[in-house]
Number of protein chains: 2
Amino acid sequence: VRDEETILTRPESTPSRPITPVILCGGAGTRLWPLSRGARPKQFLSLGGLETMLQGTAARVADLALFAPPVLVTNQDQAQAAAEQLAQAGPPAELVIVEPSARNTAPAIALAALAGEPDALLLVLPSDHLIRNIAAFRDAVALAAPLAEQGRLVTFGIRPDRAETGYGYIKRGSALTPGAFEAARFVEKPDAVTAASYVESGDYSWNAGIFLFRADAFLSALQAHAPEVHAAAAAALSEGSARFPDAARFAEAPSISVDHAVMEKAGNVAVVPVDMQWSDVGSWEALYEVSGKDAAGNAVSGETLAIDSRDCLLWSDGPLVTTIGVEGLAVIATEDAILVVPLADSQRVKEAVALLAAAKSKRL
Amino acid sequence: VRDEETILTRPESTPSRPITPVILCGGAGTRLWPLSRGARPKQFLSLGGLETMLQGTAARVADLALFAPPVLVTNQDQAQAAAEQLAQAGPPAELVIVEPSARNTAPAIALAALAGEPDALLLVLPSDHLIRNIAAFRDAVALAAPLAEQGRLVTFGIRPDRAETGYGYIKRGSALTPGAFEAARFVEKPDAVTAASYVESGDYSWNAGIFLFRADAFLSALQAHAPEVHAAAAAALSEGSARFPDAARFAEAPSISVDHAVMEKAGNVAVVPVDMQWSDVGSWEALYEVSGKDAAGNAVSGETLAIDSRDCLLWSDGPLVTTIGVEGLAVIATEDAILVVPLADSQRVKEAVALLAAAKSKRL
């Protein structure tokens with residue numbers, strides 16, 4: 001009876017062996033300043049509930065029927081907190097790889113691919129994205145697994161709902177299986193007109209930076225298209241350990257994203273478009289978009305009091321935030337810094353960050 | 001030589017004997033919430049510089065050539081802090097009268113008038129007003145002193161620069177001396193149309209709540225127009241002490257302003273109009289108006305960063321306040337509460353205060 005139930009509740013395409021999540025936790029963004037800080041990057045923030053972005057990421061891959069315990073790729077500063085948060089949300093990491101320096105995603109993923117079994121199925125996950133529809137995420141992973149088993153490098157594509165110029169776009173080619181396509185083309189951060197034409201065409205997905213592949217398939221593409229990354233990562237592991245790769249050898253790797261190093265160049269890339277209510281929460285406006293709103297269109301978190309205020313994001317991690325008679329504003333309050341900016345201008349937070357950095361402010 | 005110099009540097013109308021300042025320090029306003037609080041009313045805030053409003057008030061009457069040490073009328077909660085601040089800004093109080101309960105200004109002033117010499121010249125001063133032009137203030141007091149000596153109840157009138165509906169207005173009658181007039185009429189808080197006609201006419205001044213009179217002249221008017229106030233104050237002093245008037249007897253006084261109890265009714269009231277850059281700082285907009293602005297029209301205090309922001313009031317007593325791309329906003333930040341409101345709507349802070357009071361919030 002139990003076997004039957006198990007069979008009935010699993011989708012047909014459930015992979016035959018567990019997938020190893022590779023969680024990348026090393027970013028240090030300031031686009032959500034003043035909430036995100038040098039010492040508290042976005043993945044350690046709670047933006048969609050009580051759990052942090054990192055915990056949410058781990059929780060999405062905690063089901064041992066589908067996933068093996070994760071591999072965490074992080075840095076010295078974040079390693080302890082990241083490993084603890086991971087273990088609170090799912091199985092403890094099978095391996096924690098401490099990057100000796102920040103070299104972007106290609107070298108980080110290379111370490112994870114080289115450190116495990118060659119035929120391991122790796123699901124690469126940024127630790128600072130929100131995904132609201134977990135079922136859609138799981139279904140897409142399950143759908144992609146057979147393609148990855150066959151040696152495809154699978155990327156998951158997000159249907160664009162606006163002409164965003166801050167993301168990469170993937171053009172769909174011919175269908176491989178129902179729901180999966182050849183990746184015909186990668187375009188990094190197009191201009192607004194081009195982005196609008198992509199959205200209009202319906203042929204493009206956003207590149208969310210989530211990938212599924214066999215370790216050996218990835219490494220062979222890396223060897224072909226970015227051999228210096230492969231060599232540096234391999235040397236760092238052989239002269240150091242899986243947990244502590246050698247710093248000098250790792251530093252020989254160029255700082256390059258996996259998109260540039262591999263995905264845009266490899267011929268065996270597939271894209272699985274998925275509607276999973278994804279957001280990288282790359283701005284206060286993006287957080288507003290994915291947040292629940294009250295009847296006046298306000299999204300609030302923490303102690304807030306919105307009087308005659310509409311379409312605002314009020315976010316506090318301590319002080320009471322009160323607004324009266326305002327519209328379309330982001331008001332973000334921490335213990336020591338407050339930001340007030342129209343939601344539509346919220347990407348301009350980088351101007352504040354630049355000025356504070358120049359002033360060597362402690363508020364960064 | 002010294003006598004000659006003294007004579008030369010004093011205005012002709014310098015009074016022949018020192019004037020006793022009576023500083024009223026018992027208010028508990030919340031119009032400047034979140035900066036003003038139950039435990040930190042406006043008179044204890046620094047709004048025009050480093051000194052508090054109370055210290056500024058005391059400093060304006062610290063010159064012993066013109067003024068005797070002040071009498072402070074305060075309450076149990078504020079007495080210690082008020083007396084200390086007074087002594088930091090000028091001579092220590094000659095007498096501190098601790099009101100057993102809050103009964104508005106008429107009973108408070110009655111205590112001060114009854115506690116001293118009958119022929120003392122009393123200058124009644126709210127402790128939470130800003131006056132930028134001290135010389136004009138002193139000149140007006142000196143000009144008013146002979147009238148007060150003659151038994152007039154002198155009020156100082158502020159030239160209205162807008163049709164404010166929150167103040168009382170005084171209509172000028174016939175001239176008594178150069179710069180001093182009979183007070184023809186008191187009007188409490190007119191409607192906007194009426195206020196505009198008053199401003200237009202040029203015959204009206206705002207009633208700033210600053211008065212100069214002989215104690216006996218005031219008491220005789222009080223006896224005539226509000227005998228129950230006189231009786232309660234006299235009984236409170238005789239059954240208690242000057243410092244601690246009897247609570248039960250004082251409580252018998254109606255809670256009534258000196259305007260309603262005496263000034264609007266007495267026949268011997270004079271008004272001395274004075275342009276002294278006065279403000280009662282009754283709203284964030286009022287504070288903005290009297291504050292210095294930068295080239296973008298922003299008035300700032302504390303750690304602030306205004307990017308592409310115009311005509312804003314940014315006020316912090318701790319956290320960094322950053323604004324980007326906003327206009328005409330007040331952003332007020334304290335350690336535990338933040339207010340964002342268009343300056344033009346800043347009187348609506350009372351809506352927030354009412355809601356917080358109903359919720360028994362600790363942020364009040």
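Below, all heavy atoms of this structure are taken into account, side chains as well, without hydrogens, waters or symmetry copies. Residue numbering restarts at 1 for every chain, and letters A, B, ... go by the order of the sequence lines.
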Among Ala333(B), Ser361(B), Ala352(B), which residue has the highest count of heavy-atom pairs closer than 4.5 Å to chain A? Ala352(B)

What are the two closest non-hydrogen atoms of Pro319(A) and Ala337(B), and how far apart are they? CB-N, 4.0 Å

State, to 0.1 Å, how close Gly325(B) and Pro342(A) come at their nearest heavy-atom pair, and which atoms those are. O-CG, 3.4 Å

For [X], look at atom [atom1] and say whether over 12 heavy atoms of other residues, nucleotides or ligands are found less than 6.0 Å away.
X: Arg132(A); atom1: CZ; value: yes
X: Gln88(A); atom1: CD; value: yes
X: Glu84(B); atom1: CD; value: yes
X: Glu188(A); atom1: CD; value: yes

Greatest number of heavy atom pairs closer than 4.5 Å to chain B - which of [options]:
options: Leu329(A), Asp336(A), Val321(A); value: Asp336(A)
options: Leu305(A), Asp345(A), Thr304(A); value: Leu305(A)
options: Leu314(A), Val331(A), Val341(A); value: Val341(A)

Reported CD-to-CD1 distance for the pair Gln347(B) and Ile324(A), which is rounded to 0.5 angstrom: 9.0 Å

Please round to the nearest 0.5 Å and tell me the distance separating atom OG1 of Thr334(B) and atom CD1 of Ile338(A). 8.0 Å

Segment of Arg348(B) engaging chain A (4.5 angstrom heavy-atom cut-off): both

Interface moiety of Leu355(B) toward chain A, non-hydrogen atoms closer than 4.5 Å: side chain

Glu335(A) versus chain B, heavy atoms under 4.5 Å apart: side chain, backbone, both or neither? backbone

